[in-house]
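Okay, structure first, notes after.
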Amino acid sequence: GENVEQHPSTLSVQEGDSAVIKCTYSDSASNYFPWYKQELGKRPQLIIDIRSNVGEKKDQRIAVTLNKTAKHFSLHITETQPEDSAVYFCAAPRSGGGADGLTFGKGTHLIIQP
Amino acid sequence: EAGVTQFPSHSVIEKGQTVTLRCDPISGHDNLYWYRRVMGKEIKFLLHFVKESKQDESGMPNNRFLAERTGGTYSTLKVQPAELEDSGVYFCASSPTAGLAHEQYFGPGTRLTVT
């Protein structure tokens with residue numbers, strides 16, 4: 001089965017600076033990599049995802065990069081704002097690219113310092 | 001459209017009691033998943049339904065957990081008897097397309113506390 005490692009567990013950045021969260025995965029057949037944001041007491045929500053046929057995807061201040069050879073993908077948040085404070089989870093399919101459920105990383109608690 | 005809903009939002013029970021959690025997925029979504037987050041750790045997969053069929057229940061911790069999805073609509077997750085280590089937040093998620101990795105829409109979760 002898939003194994004996902006996520007670093008760091010906690011990340012504190014000054015408002016306006018950039019934040020980068022990194023994940024590695026073990027199954028070379030995996031082809032779908034979502035990132036979820038969970039604010040305190042709320043449900044996890046998808047903020048961006050990438051499929052293995054592209055190396056980078058951007059959506060305003062958020063971007064995800066994928067290196068299939070090295071089996072790692074990263075979340076980049078630029079010009080961080082207080083509302084970016086949350087726990088962020090990376091994930092990969094439990095088996096290849098199917099809809100069999102997700103394996104999540106342990107989460108990164110992002111703290112935006114004013 | 002209405003999102004994934006879960007009931008109850010909170011449940012506090014004593015060790016040895018039974019609790020049933022309910023999930024209503026987004027209408028028309030074939031895939032329904034149960035996950036659990038224990039003590040601030042990672043979100044862990046419990047099981048996956050495609051319509052009314054259990055596709056994969058390899059994440060279920062033990063036979064004290066029973067999930068059903070009668071008629072392929074809502075799902076229930078019963079814990080009987082509950083143990084202290086069952087405490088955590090139980091999330092349900094759904095996605096529309098069988099056989100294809102797709103965004104999973106999460107419910108708000110049920111926070112289960114076993115005392």
Side-chain angles (χ1 to χ4, degrees), chain A residues 1-10 21 23-25 27 29-54 57 59 64 66 73 86-109, chain B residues 2-7 9-10 23-26 29-51 53-60 67 69 75 88-111:
Chain A
E2 179 66 278
N3 182 46
V4 176
E5 300 284 341
Q6 181 172 350
H7 299 279
S9 56
T10 303
I21 302 170
C23 288
T24 61
Y25 61 98
D27 186 351
S30 287
N31 62 6
Y32 174 69
F33 306 93
W35 285 89
Y36 283 83
K37 174 184 179 182
Q38 187 181 18
E39 297 177 71
L40 189 63
K42 296 189 176 180
R43 70 188 72 197
Q45 289 199 302
L46 181 80
I47 54 171
I48 195 166
D49 57 12
I50 190 168
R51 297 190 185 271
S52 58
N53 57 344
V54 297
K57 184 176 178 181
D59 183 3
V64 55
L66 172 65
F73 56 112
V87 179
Y88 291 80
F89 293 95
C90 62
R94 294 182 67 246
S95 58
D100 296 338
L102 298 170
T103 296
F104 286 86
K106 291 189 175 182
T108 296
H109 186 192
Chain B
V4 178
T5 58
Q6 291 186 245
F7 182 82
S9 57
H10 249 99
C23 168
D24 286 80
I26 293 172
H29 280 195
D30 289 338
N31 293 299
L32 187 150
Y33 310 86
W34 283 98
Y35 295 91
R36 177 173 74 172
R37 190 177 185 208
V38 174
M39 288 184 63
K41 296 186 178 179
E42 71 264 41
I43 301 169
K44 280 200 169 181
F45 170 86
L46 296 178
L47 87 158
H48 170 212
F49 285 98
V50 177
K51 298 183 180 177
S53 300
K54 287 179 188 174
Q55 191 75 9
D56 180 0
E57 55 182 333
S58 62
M60 296 285 259
R69 191 182 183 193
S75 175
V89 181
Y90 289 77
F91 290 104
C92 173
S94 71
S95 71
T97 309
L100 180 69
H102 195 278
E103 174 179 1
Q104 295 186 17
Y105 298 83
F106 278 75
T110 294
R111 180 174 295 278

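Letters A, B, ... mirror the listed sequences (proteins, then strands); counts begin at 1. All of these numbers come straight from a predicted model, not from anything done at the bench.
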From CG (A:D100) to CG (B:L47), nearest 0.5 Å: 12.0 Å
So, the part of A:Q38 with a heavy atom under 4.5 Å from chain B: the answer is side chain
Minimum heavy-atom distance between B:P108 and A:R43, given as atom pair plus value: CD-NH2, 3.6 Å
Answer with side chain, backbone, both or neither: which region of B:S58 has an atom nearer than 4.5 Å to a non-hydrogen atom of chain A? side chain
How far does CD of B:E103 sit from OH of A:Y36, to the nearest 0.5 angstrom? 5.5 Å
A:F104 ring center near B:F45 ring center (under 6.0 Å): no
Once you round to the nearest 0.5 Å, how far does CD of B:Q104 lie from CG of A:L102? 4.0 Å
Which atoms of B:R111 approach chain A - backbone, side chain, both or neither, heavy atom under 4.5 Å: neither
Relative to chain B, which segment of A:V87 carries a heavy atom at a distance below 4.5 Å: side chain, backbone, both, or neither? side chain
What pair of heavy atoms forms the shortest contact from B:G107 to A:P44, and how long is it? O-CD, 4.4 Å
Taking the side chain as everything from C-beta on, heavy atoms only, tell me whether B:E42 gets closer than 4.5 Å to A:V4. no
By salt bridge (charged side-chain N to carboxylate O under 4.0 Å, His left out) - contacts of A:K42 (at least two apart): none
Can you sort out the partners of A:W35 under ring pair (Phe, Tyr, Trp, His ring centres under 6.0 Å), two or more places apart, ordered by chain and number? A:F73
